[in-house]
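All remarks here apply to the structure that follows.
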Protein chains: 2
Amino acid sequence: MTAAPTRALARAAVSTAILDSARRHLAESGPAALSLRAVARDIGMASSAVYRYFPSRDRLLERLIADAHDAMSAAAEAAETAVPRDDLPGRWTAVLTAVHGWARAHPHEYALVYGTPVPGYRPPDMTMDDAGRVGLLIVRILQDAARAGRLHLDALRAATAEAPPSDHLRHELDMLTAEVLGAAEAAENPVPPEAVAAAVAAWTHLFGTVNFSVFGQYDSLFCDSDAYVAFSARQFAALLGLT
Amino acid sequence: MTAAPTRALARAAVSTAILDSARRHLAESGPAALSLRAVARDIGMASSAVYRYFPSRDRLLERLIADAHDAMSAAAEAAETAVPRDDLPGRWTAVLTAVHGWARAHPHEYALVYGTPVPGYRPPDMTMDDAGRVGLLIVRILQDAARAGRLHLDALRAATAEAPPSDHLRHELDMLTAEVLGAAEAAENPVPPEAVAAAVAAWTHLFGTVNFSVFGQYDSLFCDSDAYVAFSARQFAALLGLT
DNA sequence: CGATTGTCGAGAGCGGTGCTCTGTTTTTCG
DNA sequence: CGAAAAACAGAGCACCGCTCTCGACAATCG
C-alpha cells in the first residue's frame, strides 16, 4: 500500500490504543484500578511490551493527566471566547459552567488534575500559561474589569485599610499582572494588586466550588447542586461588583 | 496488679499500635504507601494477624480518615471559641487559619478528608453536624452576622435582582438554617437565604484556598503562600461586608 | 482445679500488581 | 541479501490484599 515506514504507523496506533484503554479504565474504575497489565490484557499484548511505549505506570498516568488538563482548559477557553468580550459576568460564568460541566462529565480525570495530587506529581513547571490556563482566563477577566472600572475596587480595598498586603505580596501580584499582560502593557496601564488578588480568589473559588460539587460535598445540602453552583457563580460576581 | 481482663488491654494496645504505625506511614509516604503488610512488619506481627483488628485495608483507612476529620474539626473549633463572639471577622479568620495550619501540618491526612475522595468513600451520612463541623462554624458566623446586620446583604442580593435563586434552592437554604439554628429559632428570627448561600460560598472558599495552598497550586504564584492566604481571608471578609 | 471454649498469632498460599531480564521474531537499512 | 535495530512474549522477582489452617494461650464453666 504505502511506502511509508509501517513501523512508525504501528507504533502510533499501539500508543493511542494504550492511551484509549487506559483512559477507559480510568473513567470506569478510577486511578487506583489503572494497571498496566489490565490495559495490556485489554489490547492483547504482553504486559512487558507496554513498557516499550511508556516507561512506567506513573508516566502513563502523567500523560493522561496532561491530556485531561488540556481537554478541560480547551473546554473552558472555547466557552469563554464564545461570549462577547465586554460581557464580563458572562465570561466569568461561562468559564465556571464549562469547567463544572467538563468535571462532571469526567470526574476521575478532573480529580487527577485538580484533586489530590498524585504522589509523584510533577506538573511540568506550573507557570500560569500552561498548567493554569483557566486561571489565566479568570485573571484576564478581572484585569479587564479593573481597567474598565467595572469592579467594586473600594470593597476589595476595604481589607487593605487595617491590614494591607505586604510589599512582597504586592510585588508578586504585580509580577502576575506583568506576566499575563506583558511588561510594557502592565507598566502603561497598571492593574491594582487588590484586583489581581481578587482574581486569584475567584480562581480559587471556582475550583473550590467545582471540587465540592464533583466530590459530593454539596450532596447533603442540595439535591440539585448544579442549581447552587449556578447561583453561587452569579452571587460571587455580584460580590466582586463585576458588571 | 489488676484483675481486669488482660486480653482487652492487650487488644487496645495492639490496636493503637496499628493505628499509630499506619498514621506514621500515611504521613510519610501518602495513602498509596499505606500497606497492611508494612504496618504488620513495623509492629512485629504477621500480616494476617492485623486482620483480627481491621477487616480490610480500606476499613483501616476509613478509621484514619474519621480520626483526621475529628482532629481538624477540633482544631478549628478550639481556635474559633477562643475569640470573642462579637468579633465576627476574627472568628472567620480564626477558623481559616486553624484549618490551614492543621492542613499544612498534616497534608496527607488533610488530603484524605478534603481532597479526592477515596474510591470506596463513605462519609457516614455527611450531615452538617458530624462530617461538616467546620462548615457548621462558618454558617453560624454568617448567621450571626446576618441577624446583626453586619453583612453586605444588598451586595449579596445583587445577584438576585436579575436571576433569583429558584424556590427550591431557597427552600433548601432555609432548611439549612433550620437545621443549624433549630426550627423554632429559625422561624422566629429568620436568616435571609442569600446570607446562607454566602455562608456556603465562604465554606467553599475556605477549603478551596486551603486545597490550593496545601496542594501547591499557589507555589508558582507566591513564594510565601501563607501571606496570600492570610490576606485573602481578610479580603473575602471585607467583600462579604463582615464587620 | 481441670476441661472446654474462644481468641490470638503465625505461616502458607492464591491471585493480583509493577517492573526487569532473556530470548525470539519482525522490520528497516546498508 | 545480510546485519542491525526495534518490537514482542514469556519467565521471574518482590510486593500487595486477603483467606485458610493450625498451634498456643487466656477466659470461662462444671
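Lettering of chains follows the sequences in order, A, B, ..., and the numbering in each one begins at 1. Being a predicted model, the structure only gives us computed values, none of them experimental.
When rounded to the nearest whole Å, the span between CD1 of A:I43 and C1' of D:dA7 equals 13 Å. One can place CZ of B:F54 at 13 Å from P of D:dC18, the figure rounded to the nearest angstrom. If you take CG of B:L36 and P of C:dG16, they are 20 Å apart, rounded to a whole angstrom. Atom CZ in A:R59 sits about 16 Å away from atom P in C:dG18, given to the nearest Å. For A:L60 and C:dT17, the CG to P distance is 15 Å, given to the nearest whole Å. If you measure from atom CG of A:L9 to atom P of C:dT26, you get 19 Å, rounded to the nearest angstrom. Atom-to-atom, CG of B:L61 to C1' of D:dC18 comes out at 16 Å; the value is rounded to the nearest Å.
Residue B:M45 places its CE atom among more than 12 non-hydrogen atoms of other residues, nucleotides or ligands, all under 6.0 Å distant.
The aromatic rings of A:Y218 and A:F222 sit tilted relative to each other, their planes meeting at an angle between 30° and 60°.
Checked against A:S73 for a side chain to side chain contact (heavy atoms under 4.5 Å, CB included), the options A:V113, A:V134, A:L137, A:V99 give a single hit: A:V134.
Taking the C1' atoms of five terminal pairs at each end of the helix from C:dC1-D:dG30 to C:dG30-D:dC1, the two resulting helix axes are inclined by 10°, rounded to 10°.
Side chain of A:A49, nearest nucleotide from D:dC16, D:dA27, D:dA9: D:dA9. If you check D:dA9, C:dG18, C:dA10 against the side chain of B:A46, the one that comes closest is C:dA10.
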Q: In sequence, state the C-alpha distance, the side-chain angles, and the governing distance for B:Y228 and B:F212, and then conclude on side-chain contact (heavy atoms from CB on, under 4.5 Å).
A: CA-CA 11 Å; B:Y228 168 76; B:F212 270 14; over 6 Å; no
Nucleotide N/O to protein N/O under 3.5 Å, stretch nucleotides 19-23 of chain D:
none

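A sub-4.0 Å separation between OP1 or OP2 of C:dC8 and a side-chain N or O of B:Y53 is absent. A close approach under 4.0 Å does not occur between any side-chain nitrogen or oxygen of B:R11 and OP1 or OP2 of C:dG9.
Here the closest non-hydrogen pair linking A:S47 and A:A40 is CA-CB, 3.6 Å.
Counted by atom type alone, A:H100 and A:S213 present one or more donor-acceptor pairs between their side chains at under 3.5 Å.
Within the 4.0 angstrom heavy-atom criterion, only backbone atoms of the sugar-phosphate kind lie near B:L34; the bases stay farther away.
Ranked by how close their nearest DNA chain D nucleotide is to the 5' end, B:R57 and A:M45 are led by A:M45.
Applying the 3.5 Å distance criterion, the base of C:dG16 shares no donor-acceptor pair with the side chain of A:R37.
Relative to the ring axis of B:F54, B:R63 does not place its NZ or CZ within 45° and under 6.0 Å from the centre.
Atom CE of B:M72 sits about 11.5 Å away from atom NE2 of B:H106, to the nearest 0.5 Å. Distance CG/A:L173 to NE2/A:H171: 10.5 Å, rounded to 0.5 Å.
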